[in-house]
Novice: 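This is the structure, below, for whatever I ask next.
Both ligands and their constituent atoms are indexed starting at 1 by order of listing.
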Amino acid sequence: MRKLCFALTAAAALAGFCMTAEADSVLPSVMESYEKNADNSYSVSYLEEDPYLVNIYEGYGFAKDYGSARGHAYVLEDVGKTERPHALANCLTCKTADFTKLVNDLGEDAYSLEFESIFPDMHENVGCYTCHEDKIADGTLVLTHDYTLAAIGDEMGDGIAPAIAVCGQCHTEYYFKPENKATNVPYEDIASMDPAAELAYYDEMGFADWVQESTGTPLLKAQHPEIETVLGEGSVHAKMGLSCADCHMEKASAEDGSGYKSHYLQSPLSSEAILETCAACHKDTDMAEKVHAVQAEVTARETEVGEKLSALKDKLAEAVAGGEYSEEELDEIRKLHRTAQWFFDYDYVENSEGAHNSTLAKKCLDTAESVIDEAMGRLGS
Ligand code: HEC
Ligand code: HEC
Ligand code: HEC
Ligand code: HEC
């Protein structure tokens, strides 16, 4: 029975597999809303929008292909066609329930399987299993990703709302462990979900995503730290009890009137039902205007700091090629370069463009800028 439940696909859920007597009338509506994730197909190329990125990511896959996120219905399609290299199965960690199931069956060895050898067996995108394991019938939230369970499992429901923790299984900064390529997160509780603490974690283990050829800097690539931004310093909403689901999944009613959460994950600005919930605190504020104002301010700072970072990279590459600095001096400047790029990226790759927590976004950009200034000073400009 358990095995069968584990192998559940969305289609099987609809057909009523593994359902018990509690299986209830909202399931068809939940399924229908889940299918709507295919509507969110819009993606822009960040590299065309912000050309300085090509320079700062030089030598890494993101310099070749880097588009904005789109709906959960596209994760497998997008990972299949990205021009970034993916040698191992670990890059399926946040794409498909089929892979999560495989990790839970095989253990960490699954992460280092060859990508191409298992990709043909991956059929489901982010699926029911991802957030509910085999508790689909009543919608109980379960952490299925082993590294999330290890890091914050004990805080789920006790400090971290389940409807934040399940999203944080993927909407988080992560890395692959050098020894076995298993996916992991650089924190162990809310307190360590912080850009400075995560950088210290990587520094201590001597971790780098890549060493950039022209500068020789061991750089980090941050990735979508949404759970950190929503729970971390400067955020207001999680402390007031709002979860990711409250803002991205609207409340709806099935035909017989029973309530359920729409499984179409959308911007709060595109849902009247979600916007109504904002009014409980924001009264008659125009929420689109408020959100866009925050995003415009953060994005403008991002461009400013991103261009300065790009200039630092060029200047450092010149210094490396020129040979007038000692390796020791260069290493000190590289450390500053690594730090600045981390703080810049931590803000840039967070998907809300500052809306989740503009305090943290601005703090990251200010930190990046002051470190860039210090590095430029050492390079004599
Ligand atoms: C198994 C991993 C996983 C989980 C769990 C997950 N997501 Fe996602 N999510 C993704 C990926 C990957 C993308 C980007 C898809 C793409 O661009 O192909 C994404 C995209 C999104 C988008 C669309 C982004 C855009 O710009 O259009 C929203 C909104 C979203 N997720 C919200 C959530 C919420 C809310 C939760 C929890 C209820 C959640 N996600 C749980 C992996 C996950
Ligand atoms: C990205 C995470 C995520 C995925 C994937 C997901 N759910 Fe849910 N599900 C949730 C959240 C969050 C809730 C709301 C729980 C709450 O409010 O406490 C929920 C609630 C439910 C409920 C309870 C009724 C309701 O809507 O409040 C059912 C039933 C359910 N989900 C079924 C499914 C099925 C079937 C699938 C696969 C088609 C699925 N879920 C996929 C996160 C997810
Ligand atoms: C207080 C409400 C609120 C909470 C809580 C919240 N978000 Fe958001 N989120 C927003 C707003 C507002 C935006 C910007 C929407 C826009 O630009 O249209 C956004 C944007 C996003 C995006 C970019 C996709 C898009 O449609 O623009 C993703 C992905 C996302 N949030 C995921 C999450 C995750 C995961 C969590 C929990 C860890 C979370 N959000 C918690 C309000 C919220
Ligand atoms: C429980 C009360 C409450 C609810 C509900 C709520 N907010 Fe807020 N929100 C606040 C408070 C308090 C602040 C901080 C003061 C301010 O900026 O208005 C805030 C700030 C914000 C900010 C600025 C964040 C920043 O870091 O700059 C945005 C954007 C925002 N809210 C969007 C939303 C959206 C969208 C919704 C509905 C999906 C929502 N809020 C629901 C209480 C709430």
Side-chain angles (χ1 to χ4, degrees), residues 8-14 19 22-35 37 40 42 68-72 97 124-132 135-142 144 157 160-172 224-231 234-252 254 258-263 265-271 273-283 285 287-295 297-298 350-362:
L8 255 193
T9 62
L14 190 56
M19 291 294 134
E22 325 124 50
D24 83 307
S25 57
V26 301
L27 213 55
S29 308
V30 168
M31 285 303 305
E32 212 174 286
S33 65
Y34 170 82
E35 301 295 340
N37 286 304
N40 178 1
Y42 174 77
S68 68
R70 51 188 194 148
H72 283 179
E124 194 165 343
N125 287 298
V126 183
C128 320
Y129 176 83
T130 305
C131 301
H132 300 298
K135 316 256 183 339
I136 296 166
D138 61 3
T140 302
L141 296 174
V142 180
T144 55
I160 303 181
I164 290 179
V166 289
C167 309
Q169 298 184 107
C170 305
H171 290 270
T172 183
H224 38 76
E226 273 92 65
I227 187 170
E228 291 101 317
T229 305
V230 165
L231 289 174
S235 82
V236 287
H237 293 110
K239 292 187 184 78
M240 301 178 88
L242 294 182
S243 71
C244 318
D246 289 322
C247 295
H248 290 286
M249 297 168 77
E250 64 182 30
K251 284 200 187 102
S258 34
Y260 69 95
K261 283 268 194 205
S262 164
H263 280 54
L265 303 167
Q266 58 180 323
S267 161
L269 302 183
S270 64
S271 158
I274 299 176
L275 283 172
E276 270 171 32
T277 67
C278 315
C281 301
H282 290 284
K283 306 277 190 275
T285 305
M287 292 314 289
E289 212 171 88
K290 182 174 173 76
V291 168
H292 291 147
V294 168
Q295 292 175 327
E297 196 191 341
V298 168
E350 211 278 346
N351 275 301
S352 73
E353 297 165 54
H356 286 151
N357 183 347
S358 64
T359 309
L360 184 67
K362 288 180 206 157

Novice: Does only the side chain of C244 get under 4.0 Å from ligand 3, or the backbone, or both, or neither? Count heavy atoms.
Specialist: both

Novice: Quick one: look at I136 and ligand 2, take heavy-atom pairs under 4.0 Å, and tell me if it's side chain, backbone, both or neither.
Specialist: both

Novice: Just to be sure I'm reading this right: ignoring hydrogens, which of A254, P162, C128 gets closest to atom 38 (C) of ligand 2? Compare them by their nearest heavy atoms.
Specialist: C128

Novice: Would you say the side-chain atoms of S358 pair up with the backbone N or O of A355, donor to acceptor, closer than 3.5 Å?
Specialist: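 Checking the backbone N and O of A355 against the side chain of S358, no donor-acceptor pair under 3.5 Å is found.
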
Novice: Do me a favour and list the nearest non-hydrogen protein atom to atom 18 (O) of ligand 3 with residue, atom name and distance?
Specialist: S267 OG, 2.7 Å

Novice: Is it true that, when you exclude Q266 itself, more than 12 heavy atoms of the residues, nucleotides or ligands shown sit nearer than 6.0 Å to its CD?
Specialist: yes

Novice: Backbone, side chain, both or neither: what part of L242 comes under 4.0 angstrom of ligand 4, heavy atoms only?
Specialist: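 Just the side chain.
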
Novice: Going by heavy-atom distance to atom 27 (O) of ligand 2, choose the closest among K261, H72, K251.
Specialist: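 Selected option, by shortest heavy-atom distance: K261.
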
Novice: Out of E350, Q295, H248, whose heavy atom sits nearest atom 17 (O) of ligand 3?
Specialist: Q295

Novice: Would you say atom 24 (C) of ligand 3 has a protein heavy atom nearer than 4.0 Å?
Specialist: no

Novice: Would you call A137 a ligand 2 contact, heavy-atom distance under 4.0 Å?
Specialist: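 A137 counts as a contact of ligand 2 under the 4.0 Å cut-off.
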
Novice: Determine, using heavy atoms of P268 and all atoms of ligand 3, whether some pair is separated by less than 4.0 Å.
Specialist: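 Yes; P268 lies near enough to ligand 3 that a heavy-atom distance drops under 4.0 Å.
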
Novice: If you measure from atom 2 (C) of ligand 3 to every heavy atom of C281, A245, C247, which option wins on shortest distance?
Specialist: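 Of the listed residues, C247 has the closest heavy atom.
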
Novice: Would you say K261 has more than 12 foreign heavy atoms packed within less than 6.0 Å of its NZ?
Specialist: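 Result for NZ/K261: enclosed.
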
Novice: Yes or no: does L265 have any heavy atom under 4.0 Å from an atom of ligand 2?
Specialist: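 Checking ligand 2 against L265, which is what was asked, there is no heavy-atom contact under 4.0 Å.
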
Novice: Does some non-hydrogen atom of A280 fall short of 4.0 Å from ligand 4?
Specialist: no

Novice: Taking atom 8 (Fe) of ligand 2 as the vertex, how big is the angle to NE2 in H132 and NE2 in H263, rounded to 10°?
Specialist: 170°

Novice: With the threshold set strictly below 4.0 angstrom, can you tell me whether any protein non-hydrogen atom sits that near atom 29 (C) of ligand 4?
Specialist: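 Protein heavy atom within 4.0 Å of atom 29 (C) of ligand 4: present.
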
Novice: Within ligand 4, which atoms have a heavy atom of I274 less than 4.0 Å away?
Specialist: 38 (C)

Novice: Please report which non-hydrogen protein atom sits nearest to atom 13 (C) of ligand 3, along with the residue it belongs to and the distance in Å to one decimal place.
Specialist: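 Going atom by atom, the protein heavy atom closest to atom 13 (C) of ligand 3 ends up being A355 CB, 4.1 Å.
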
Novice: Pull out every atom of ligand 2 sitting under 4.0 Å from any heavy atom of L27, numbered as shown with elements.
Specialist: 29 (C), 35 (C)

Novice: Classify the ring geometry of H248 against H356: parallel below 30°, tilted from 30° to 60°, perpendicular beyond 60°.
Specialist: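 Because their plane-to-plane angle is over 60°, the rings of H248 and H356 count as perpendicular.
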
Novice: For ligand 3, note which part of V291 has a heavy atom under 4.0 Å away: side chain, backbone, both or neither.
Specialist: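 Looking at V291 and ligand 3, just side chain atoms fall under 4.0 Å.
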
Novice: Checking one value in my table: which N/O/S atom of H237 lies closest to atom 8 (Fe) of ligand 4?
Specialist: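 Of all N, O or S atoms belonging to H237, NE2 is the one nearest atom 8 (Fe) of ligand 4.
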
Novice: Counting each atom of ligand 4 from 1 as listed, which ones have a heavy atom of S358 under 4.0 Å away?
Specialist: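 Every atom of ligand 4 under 4.0 Å from some heavy atom of S358: 25 (C), 26 (O), 27 (O).
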
Novice: Any N or O on S352 sitting closer than 3.5 Å to an N or O of ligand 3?
Specialist: no

Novice: Heavy atoms only: which of H356, E228, E226 is nearest to atom 39 (C) of ligand 3?
Specialist: H356

Novice: Do H224 and T172 have side-chain heavy atoms sitting under 4.5 Å apart?
Specialist: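 Counting from C-beta outward, H224 and T172 never come under 4.5 Å.
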
Novice: Is C278 touching ligand 3 with its side chain, its backbone, both, or neither, if touching means heavy atoms under 4.0 Å apart?
Specialist: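 Under 4.0 Å from ligand 3, C278 contributes no heavy atoms.
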
